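Remember, predicted model here, so these are calculated numbers, not experimental data. Hydrogens, waters and symmetry mates are skipped; everything else that's a heavy atom, side chains included, is used.
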Amino acid sequence: MANVEKLEDKLLKLIDTDESFAIALTGEWGIGKTHFWNNFYERNHTNFKTKKYAYVSLFGIESLDSLKFEIALKSHSTSQKKDNFSFIKKSFQKSLDVIDFSKIEGKGIALSLSKGMISSAVSSMITNTVICIDDIERLSENIDIKDVMGLVNHLSLEKNCKVVVILHEGKADKDFSEYKEKVFDEVLTLDDSLSIIESIVDSSLFTIYEQFYGIIGIKNLRFYQQVDKAFKLFDQAFPSLSQLSKRQILRLILIVRMVYDMPSTLGNDIDFKFFVDSFNSKNISNFRGYKKQNAYKSQDETPNNIVKFNKVNDAIHPFYNYFEISDWGEVIVYWITELDFDKEVTNDLIAKDKITEEFLLIDRLASEILNEFHNIDLEPNFAERLYYVACAKIGREQLTNLSFYCDILETCNKKDLASHLETHIKRHIENSINYHQTQISIDDFYSFGRKVNDRFYDFTVDKIASHKYENISSNTISSIFLDFHKHSRRAWNSNDKEILELIDKDILREIIWINTDIFLGNRKLFVHSILLHPSLNDIDGKREEIRLWLLELLQEKIKHNPNSEPSIKMWLDNIVNPT
């Protein structure tokens, strides 16, 4: 691998010798060969042993004489970063271009000069010069590549010049293979442009670019320039964004712009519309859940759209886990396609971002305060600051930790603050139990176990035990069956038994005809999951009661919609004998 540093060292050693040479500098399209060379000259030109330099692009040059003239015109001292007389030279070139030598000669004026002769005279002065010839893949059809290679060879061997020709790697392999040995002394390849990318992007976010570069493998410098430009527009438009959101937005821009600008990176069959349609929040569950949804169907082959989705998802996943176009992703897609921001959506996201930033601030304060405590070096108002942080973390902090904060406050002789904090925490526990849609258990509060003398454990157990589910809604019960179904019938809460005891025929009717768009799989599989829920085993006679209700409800459906009779009849056998 030839990265920037290695190439610079190699070129400096070659230029520092008295010998002439011709070198081909190659690399894949867009990797930054021109950017590398220009930066290389800018950093090192004062150390060149050869004291003249010329950079020439072949773009727009229509003859070999024009190329020679351009090289001579662009030559200047290596003591200069740029040609100080370029404006005067351009004026001279334009003046020469407007002279019609044929008309002048036709009027009988004897001239020993012509434009070609002037070019030859000027170009004859080219000696002992470092010359870079770029954009050779844009060579005009009016110029034979053999003549250009002949000129490179002539400049190197006869004019003692050091010539660097920048070639696109694919083009070099195809059109210049016969010249690699005849003309070029060496072929140098730039195949690692990460340090170039680092020099043009926001340094605080470079690690994200580095991850993308290493995982996705895009090396095109123009791509990263476009991403950097897009990100800076977002940063300027929304200066209050947290660093967390900025990192997420950059990741999203990298993915979205890759598919928009370089879809062939993912395959020739991938287009931007398919990408947006399949990865948006409304449709992505159907694509990701395809295997589960069709587990009971026999299919000879996977549909093409699923194959395409999996190809894109497999490429993105190592860089961006579970990529989805929602929130900031929707704003970025809208901006790229419509060249504007959706102001309503953006304002909502900025409001959420402020909340997230507040959480991060509280977490940092909590960490600092606990460091004070454990380092035995308490600052003034320690207890008051701890109380503020503890109140702010209720609902996001483990109860064992909140109990510990109360203990600290009491030890600091701040029993009033400890009591207030305890009251706030108990109110939160009660509200969580009362408003929870499914049966809640002690594990929901103590997922990592309890500690000795935890002041909230027994209180939570008592509140859960005394909670009555007298007015359970169909949504509460359906969520139990949906969770079981979504987790492939492998995960459930044994405490849901108390809720499922309250199910009746009217509630079951609402559940089985629920909108199927909100869960994975078809209605038949969902009905099977209802009958197979393990908690029904602990309720005497409940499974059989539900089975009979289902039969009645399906017959009821036939009466209301006779067209559904064929499909319902196919259900019945599965309901009688669930497997």
Side-chain angles (χ1 to χ4, degrees), residues 244 355-470 472 476 479-480 483-484 487 490-502 534-535 538:
L244 186 67
I355 295 174
T356 302
E357 185 67 11
E358 289 174 6
F359 286 163
L360 293 173
L361 176 60
I362 291 296
D363 291 343
R364 285 196 294 270
L365 289 174
S367 178
E368 292 171 2
I369 291 171
L370 289 175
N371 281 336
E372 284 183 35
F373 180 78
H374 292 300
N375 288 330
I376 321 175
D377 186 20
L378 305 188
E379 299 290 335
N381 301 320
F382 168 81
E384 288 75 10
R385 287 183 287 119
L386 176 61
Y387 172 77
Y388 165 76
V389 166
C391 288
K393 289 178 74 68
I394 294 175
R396 297 194 302 119
E397 186 72 279
Q398 290 285 317
L399 290 180
T400 52
N401 292 336
L402 293 175
S403 178
F404 177 60
Y405 299 158
C406 291
D407 294 340
I408 294 176
L409 291 173
E410 288 187 347
T411 306
C412 292
N413 294 320
K414 296 290 183 178
K415 292 185 178 181
D416 55 336
L417 293 180
S419 177
H420 289 318
L421 178 58
E422 185 171 338
T423 299
H424 293 320
I425 295 168
K426 287 181 175 179
R427 187 178 298 122
H428 163 73
I429 294 170
E430 288 183 291
N431 290 338
S432 298
I433 294 170
N434 291 335
Y435 294 108
H436 206 277
Q437 286 192 341
T438 60
Q439 172 68 33
I440 200 165
S441 74
I442 191 64
D443 292 335
D444 293 313
F445 292 94
Y446 286 88
S447 55
F448 295 102
R450 64 177 294 190
K451 293 183 179 179
V452 179
N453 299 323
D454 184 291
R455 64 181 68 206
F456 301 114
Y457 186 86
D458 292 336
F459 173 84
T460 306
V461 170
D462 292 341
K463 288 297 177 182
I464 291 174
S466 63
H467 185 63
K468 302 296 182 182
Y469 295 91
E470 296 175 351
I472 294 297
T476 302
S479 66
I480 295 174
D483 286 342
F484 176 60
H487 290 90
R490 293 175 184 158
W492 69 92
N493 191 333
S494 59
N495 292 321
D496 287 338
K497 168 190 168 184
E498 297 178 27
I499 298 179
L500 295 182
E501 284 180 333
L502 301 175
S535 293
D538 301 326

Give the minimum heavy-atom separation between [X] and [Y], together with the two atoms involved.
X      : Y      : answer
Lys451 : Thr400 : N-CG2, 4.1 Å
Leu386 : Ile408 : CD2-CG2, 3.6 Å
Glu379 : Glu372 : N-OE1, 3.0 Å
Ile433 : Lys463 : CD1-CB, 3.5 Å

Can you tell me if Phe459 has over 12 outside heavy atoms packed within less than 6.0 Å of its CZ?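 Counting neighbours around CZ of Phe459, more than 12 heavy atoms of other residues, nucleotides or ligands fall under 6.0 Å, so yes.
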For Glu368, check side chain to side chain contact (heavy atoms under 4.5 Å, CB included) against everything at least two apart and list the hits. Leu365
Which residues pass the side chain to side chain contact (heavy atoms under 4.5 Å, CB included) test with Asn371, sequence neighbours left out? Ser367, Asn375
Could you list the residues that satisfy salt bridge (Lys or Arg N to Asp or Glu O under 4.0 Å) with Glu501, not counting sequence neighbours? none
One should read off an interatomic distance between Ile464 CD1 and Ile442 CD1, to the nearest 0.5 angstrom, of 4.5 Å
Distance (rounded to the nearest 0.5 Å) between Cys406 SG and Asn401 CG: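 So the gap between those two atoms works out to 11.5 Å.
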In terms of relative ring orientation, are Phe404 and Phe373 parallel, tilted or perpendicular, with 30° and 60° separating the classes?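 If you compare the ring of Phe404 with that of Phe373, the planes turn out perpendicular.
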Sub-4.5 Å side-chain heavy-atom contact between Ile429 and Leu399: yes
Answer whether the closest heavy-atom distance between the side chains of Ser535 and Phe484 falls below 4.5 Å.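 Counting from C-beta outward, Ser535 and Phe484 never come under 4.5 Å.
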Would you mind writing out the side-chain donor-acceptor pairs for residues 416-427 within the sub-3.5 Å range, not counting sequence neighbours?
from	atom 1	to	atom 2	distance (Å)
Glu422	OE1	Arg455	NH1	3.0
Glu422	OE2	Lys426	NZ	3.0
Thr423	OG1	Ser419	O	3.0
His424	NE2	Tyr387	OH	3.3

Name all residues meeting the ring-ring contact (aromatic ring centres under 6.0 Å, His included) criterion together with Phe382; count only those two or more places apart in sequence or in a different chain, and write none if there are none.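 Phe382 satisfies ring-ring contact (aromatic ring centres under 6.0 Å, His included) with no residue once adjacent residues are dropped.
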Tell me, please, which residues at least two apart from Tyr457 pass ring-ring contact (aromatic ring centres under 6.0 Å, His included).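 Residues passing ring-ring contact (aromatic ring centres under 6.0 Å, His included) with Tyr457: Tyr446.
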Using only atom types and a distance under 3.5 Å, with no angle test, would you say the side chain of Glu397 pairs donor to acceptor with the backbone of Ala390?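 No: the side chain of Glu397 does not pair with the backbone of Ala390.
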Just to verify, what does Asp538 make a side-chain hydrogen bond (donor to acceptor under 3.5 Å, both in side chains) with, not counting sequence neighbours?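 Not a single residue meets the side-chain hydrogen bond (donor to acceptor under 3.5 Å, both in side chains) criterion with Asp538.
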